[in-house]
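Notes follow once the structure below has been shown.
Below, chains carry the letters A, B, ... as their sequence lines are ordered, and counting in each starts from 1. Quantities reported herein were computed from a predicted structural model and do not represent experimental measurements. Only this structure's heavy atoms are used, side chains among them; waters, hydrogens and symmetry mates stay out.
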There are 2 protein chains.
Amino acid sequence: MGFGNVSERRNAPPQIGVSVVILALGPRSHDVRDTSASHCQLWLPLVRRVRQPFLGCWALPGGDLRADRSLEQSAYMALESTTSLHPRYLEQLYTFGDPARSHGGLPMVSIVYWALVEQREAVDAEDDDNVRWFPEDDLPPLAFDHRDIIDYALARLRSKIEYSDVATRLLGPTFTLRQLHGVYEAIAGQSLDLANFRRKMLASGDLEDTGRKVREGRQRPAAVYRYVPSDTLGIASPWQGNASTYSRQDMIESADSQIDHEAEHATTHADDALSPLIPAAHG
Amino acid sequence: MGFGNVSERRNAPPQIGVSVVILALGPRSHDVRDTSASHCQLWLPLVRRVRQPFLGCWALPGGDLRADRSLEQSAYMALESTTSLHPRYLEQLYTFGDPARSHGGLPMVSIVYWALVEQREAVDAEDDDNVRWFPEDDLPPLAFDHRDIIDYALARLRSKIEYSDVATRLLGPTFTLRQLHGVYEAIAGQSLDLANFRRKMLASGDLEDTGRKVREGRQRPAAVYRYVPSDTLGIASPWQGNASTYSRQDMIESADSQIDHEAEHATTHADDALSPLIPAAHG
DNA sequence: TCAAAAGTGTTACCAATACACCCATGG
DNA sequence: CCATGGGTGTATTGGTAACACTTTTGA
């Protein structure tokens, strides 16, 4: 598979693992009469490390990569085995592999996924000694570069909410416009005009009135909507074809692929290396 | 580092490698009196495989990952050692790791980067038996899932051109508005109103008139511009802090970080696995 | 003086905003 | 009948598309 070049053999490949940033809605932690109208906030579960380095420190849930599983499946397994949660959304975030990030441990490449779980699931999940939920704006010191990874995941969520259905993944399959509005405000971190929000959402054509109504307080009942993706198919994702061999009844639903935002970043230059006579190619 | 759980040990981790999708401007291949005004097209270099599977097949340039190098550096080394090119842009694209993609080889995780090189560099690089440039719309059969990866890179480029300076990376450090317009048309695959394009670009505030003029044909000379990023800094990228330890004089320039588009994709569910009593966490 | 490209002006339209307003409901 | 949230109307604005137009240059 392209390995075996002399200069490349000089150095063993690093370890690989999978980590997951899990996000869910929860109550506001600093409820100092919040000026903005939203009454919820993002929370995420962290696990306590049982090894050096950073022993006892909070860290992202993670696990190993298995050669017979897709990356998504490995991420799903890591997520499930550590937190018993079932995400409504799971997407690759970034792969981190800088040697400096291991801080004394062995060099480690982490393929990081981010996941969204329903509010209901998150409240059911109780904390224990080794897993605890933290509000997004009040995180403890974290192991490795996990704090940066979380910030990046949050940025991605904030970016992605503007052109995809991620917000609905934090709610159940059905929701009122006010609930959806609250999610948008919580993620954006600012208040949004409810009237315009309503119109924009309905104009998008991706919301379908279920006909049902619910009363949150004791006021007029609100219409309940469902998300129905308009079939403006984007470009097919390359990995869609290969994935999903191990489906299960409660498999989380597929999302239409769509090309979107990603973080630009600078690159560095490698120092000299022995050039192979024949270029390597690998799968 | 989080390895060592019983159920996880049952399966060895897969191999890892780096691949790079390299893009550059070139002449139009199907020049059947092109209706659209653009006269250039994207080309990319491929290398011939020297091993099974897919022996003799064209594939993306790639190489191995070294534990003492960052992912960017590994990508840069792979790019440089196979094609002798120096990218003006290099960014992580996606990590592919489905077991099915190896097609009979060992399971392989590929961390894929995409790169842009200047037109000038690309024309200087001559083909040999093992490296050849192909126009984006006339690719040969490719090894593994490399065709899908290329399509994804192209989609990312098309998306990213709308809110970043990637177009300028395909040109030199200075360019005329017409040249830039041609790049946009080549990437978008459709003609764009030159008058409006000009206004929009100038209104962005990211272009600076160098004061110089050039004549492309024998008509009125055009103003030469330079790209100067407006300091509307986005969110800092997590990896920026760690990277760039191995800088060199001709290191490609840094780009301001910015959160953008990424592809949404569906996820699968893992089958049952032995849950560890204590959640694993790794760096 | 002509062709070709550089560069400007003008209008129409659409989507997002701000905010005033009416409607439905239970207490 | 009032408080509260559900839901609608409307004027303004800013950005973009369409395209007609003027200017500059070498041949």
Are A:Tyr94 and A:Phe96 close enough that their ring centres sit under 6.0 Å apart?
yes

Grab the CG-C1' distance between B:Asp209 and C:dG7 for me, whole Å please.
12 Å

Does a nitrogen or oxygen in the side chain of A:Arg215 sit under 4.0 Å from OP1 or OP2 of C:dG26?
yes

Can you tell me how far apart CD (A:Gln119) and CG (A:Leu170) are? Round to the nearest 0.5 Å.
8.5 Å

Roughly how far apart are B:Arg88 CZ and B:Asp165 CG, rounded to 0.5 Å?
8.5 Å

Residues which pass salt bridge (Lys or Arg N to Asp or Glu O under 4.0 Å) with A:Arg226, listed by chain and number, not counting sequence neighbours
A:Glu208

Ring centre gap for B:Tyr89 and B:Trp114 strictly below 6.0 Å
yes

From CZ of A:Arg198 across to C1' of C:dA16 the rounded distance in Å is 17 Å

With sequence neighbours excluded, what pairs up with B:Tyr184 under the ring-ring contact (aromatic ring centres under 6.0 Å, His included) test?
B:Phe197

Please enumerate all protein N or O atoms sitting under 3.5 Å from an N or O of nucleotides 19-22 of chain C, with distances to 0.1 Å.
none

DNA chain C: A:Arg218 or B:Glu216, which has the more 5' nearest nucleotide?
B:Glu216

Flag side-chain contact, heavy atom, 4.5 Å: A:Tyr152 against A:Leu93
yes

Residues in ring-ring contact (aromatic ring centres under 6.0 Å, His included) contact with B:Phe134, at least two apart in sequence or another chain
B:Trp58

From NZ of B:Lys200 over to P of C:dG7, roughly how many Å is that when rounded to an integer?
19 Å

Whole angstrom is fine here: how far is it from NZ in B:Lys213 over to P in C:dA5?
17 Å

Expressed as a whole number of angstroms, how long is the span from B:Leu177:CG to C:dA6:C1'?
10 Å

Please report, to 0.1 Å, the donor-acceptor pairs under 3.5 Å made by any side chain of residues 210-217 of chain B, with sequence neighbours excluded.
| unit_1 | atom_1 | unit_2 | atom_2 | d |
| --- | --- | --- | --- | --- |
| B:Thr210 | OG1 | B:Arg212 | N | 3.3 |
| B:Thr210 | OG1 | B:Val224 | O | 2.7 |
| B:Glu216 | OE2 | B:Gln179 | NE2 | 3.0 |

Just the rounded figure in Å: distance from C1' of C:dA6 to CD of B:Gln179.
14 Å

Chain A contact limits on DNA chain D, taken 5' to 3' with a cut-off of 4.0 angstrom to heavy atoms
D:dT4 to D:dT10

Protein-nucleotide distance (A:Met201, atom CE; C:dA16, atom P), rounded to Å
10 Å

